[in-house]
Amino acid sequence: MPADTTTSLPVPESAVPAEAVAPLIRGVGVLRELTEAGGTLSPSGLERATGLARSTVDRITSTLARMGYVRLDGRDAVITPRLMELGNAYLAALRLPALLSGRADALADELDESVSLAVADRDGIRFIHQATRRRAMSLSFRIGDLLPAERTAPGPLFASEWTDADWRAWRDRRAADPEDRGFPAVPPRELTAGEGEFEAKAAQAGRDGWALDDQLIEPGLVAVSVPVRDPRTARIACVANVVSHTSRHTATDLRETLLPRLRATVAEMERELASAPDPDPGPPPSGSASWIGAAKNELGREFIESLARGLTVLTAFGEGRAALTLTDVARATGLARATARRALITYEHLGLVRQQPESRTFGLTPRVLSLGFPPLSRTTLPRIAAPHLADLSARVRESTALAVLVPPGSGEGAEIQYTARAVSPRIMGVDIRTGTRLPASATSLGRVLLADTEGSADLDRVRTQGYALLDENWEDGLRTIAVPVRDRTGRVVAAVNVALHAAGRTAEECVAEILPELRLTATRVETELRAASHFTRVPLL
């Protein structure tokens, strides 16, 4: 359960190692700029933000699009949920979200307040789990957001373990960025802390074993934090944090009423860490990098092999693979040792990987979450599906839609609700509005959804063949065909369909021509849903 407690500043740009991969540095820069822009930027915007030539930006985005990490949407580059596999690799290797998130969620339900888990990222803190309460006035922090240590409740706790070098790095950063412009997740600093104030808070937090944030980030926001210690080293593995606002709790009230319950939960978390069995390493998520050669042949000079190979290195890590040797990385990715070594050197320079000299192993740092994770961590299934529905509609020239059961489940009276759609370019097309509800049993979408939970001869046939085809069941001339969309566990959570006028294609033509395209679309949605839902909740509506 590694946590990045190293807080020294990254190597300055002038000290880029000779063996670093320049295209990989540029590609990571593009991903970071897209992340800070909320996930979408035009090529000209990327050109200005990165200082790269337009031709270089175009080649990088073309490569990222071929990897499935970016979608080229008209004039814009848009990050996709598939990019979350990089952050997922770090979170899986860390293990803390998998082991502790359930207790954080239970505490949030009990207190009716937001609860988060954070780790140290140099002289900042980065969130690795959020259990947010849905209110009119709610918190906007996301998994992967980076905050300056001195403006948070977890920060003084992590700082209580800093070395002299760490404190020097923090002071250098404060002097270079007094308004915290380098932390886009928080508003610019308005008040300047007194000399030695944060140092005193860190010392006090170390003695007390807890810390408060009394409106340091912005007026009205208060928080209390307690460290969760690694049972092997007794150092802080992460910090559990309860956040509220002053209309519900003052900082003093947090300390007096919520801190005892937070401490009890942290004790349970530490017992969880102490009793957790060693992880069973599975295969790397991305498998071999052998596809890269084929992509290069397909796209030519528009595909940057060294960027694709370098990003593949990050996915070598995961649960049971937190610390890998160079040989391990090369074997997991299918890359030559020299290629893997140069990528690791590059990531060390960028602060995404750290090396443990005593064991000759490498591990990911929380900074990997800066590659797209924050804006993507709040995505929904309709947002995931929308571009794929548009692509499907353009290919088959018919209307398409995504729907879920409401209320979730099955039974008499179950309905479907349309949650995303793409309208046919035809003059006469099917146009059912998002939000429309229909009886589940009367639609192909509903029958696909019901087939996962109900038993009947008709639904058994739908489940066996993997699709439902209906002819003019609830409107004359309407023919529809639908397939299921499954989550990471294999459960059917939604369905996607194509709807058309019966004169356009026969039922047999729908199965022969449309069904393969429909299944391809469902697979693409499922791929992104699996990546997005590994460590975050993805709402279905």
Side-chain angles (χ1 to χ4, degrees), residues 381-382 384-406 410 414-454 456-487 490-529 540:
L381 181 56
I384 291 173
H388 299 292
L389 295 181
D391 288 345
L392 173 61
S393 180
R395 293 197 306 272
V396 301
R397 295 186 58 78
E398 304 290 355
S399 295
T400 70
L402 180 83
V404 298
L405 279 177
V406 286
S410 61
E415 293 182 320
I416 62 164
Q417 179 174 331
Y418 285 77
T419 59
R421 65 176 188 143
V423 179
S424 164
R426 294 181 183 274
I427 295 174
M428 184 173 64
V430 179
D431 186 8
I432 301 176
R433 303 288 177 176
T434 299
T436 298
R437 293 191 179 194
L438 296 172
S441 59
T443 65
S444 60
L445 289 161
R447 292 195 182 190
V448 164
L449 291 163
L450 293 174
D452 194 51
T453 55
E454 283 189 359
S456 71
D458 284 346
L459 294 178
D460 284 345
R461 183 167 59 255
V462 169
R463 184 167 52 252
T464 299
Q465 67 188 16
Y467 69 92
L469 175 67
L470 291 187
D471 268 333
E472 306 183 70
N473 278 54
W474 59 273
E475 184 171 317
D476 291 343
L478 180 65
R479 177 170 291 142
T480 64
I481 183 169
V483 298
V485 174
R486 299 179 184 274
D487 65 10
R491 181 173 63 97
V492 175
V493 294
V496 60
N497 82 342
V498 168
L500 64 151
H501 192 277
R505 287 180 171 93
T506 66
E508 292 76 16
E509 288 172 334
C510 285
V511 173
E513 299 170 8
I514 291 181
L515 181 59
E517 298 289 345
L518 196 54
R519 283 175 164 159
L520 176 61
T521 297
T523 297
R524 289 173 174 171
V525 173
E526 288 171 344
T527 298
E528 294 195 354
L529 177 60
L540 301 182

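The shown structure was predicted, so the numbers you read here are calculated from the model rather than taken from an experiment.
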For [X], all residues meeting side-chain hydrogen bond (donor to acceptor under 3.5 Å, both in side chains), sequence neighbours excluded:
X: Gln465; value: none
X: Arg463; value: Asp460
X: Arg519; value: none
X: Glu415; value: none

Can you tell if the side chain of [X] reaches within under 4.5 Å of the side chain of [Y], non-hydrogen atoms only?
X: Thr453; Y: Val492; answer: no
X: Ile481; Y: Asn497; answer: no
X: Val496; Y: Val483; answer: yes
X: Arg395; Y: Thr521; answer: yes
X: Leu470; Y: Ser444; answer: yes

Q: Measure across Leu529 and Arg486 and return the closest heavy-atom pair with its distance rounded to 0.1 Å.
A: CD2-O, 3.9 Å

Q: Write down the atom of Arg433, the atom of Thr436, and the distance for their closest heavy-atom approach.
A: O-OG1, 2.8 Å

Q. Which residues satisfy the side chain to side chain contact (heavy atoms under 4.5 Å, CB included) test with Ala495, sequence neighbours excluded?
A. Leu445, Val448, Leu449

Could you go through residues 387-394 and list every donor-acceptor pair under 3.5 Å that involves a side-chain atom there, pairing it with any protein atom two or more places apart or in another chain?
unit_1: His388; atom_1: NE2; unit_2: Glu528; atom_2: OE1; d: 3.4
unit_1: His388; atom_1: NE2; unit_2: Glu528; atom_2: OE2; d: 3.4
unit_1: Ser393; atom_1: OG; unit_2: Glu398; atom_2: O; d: 2.8

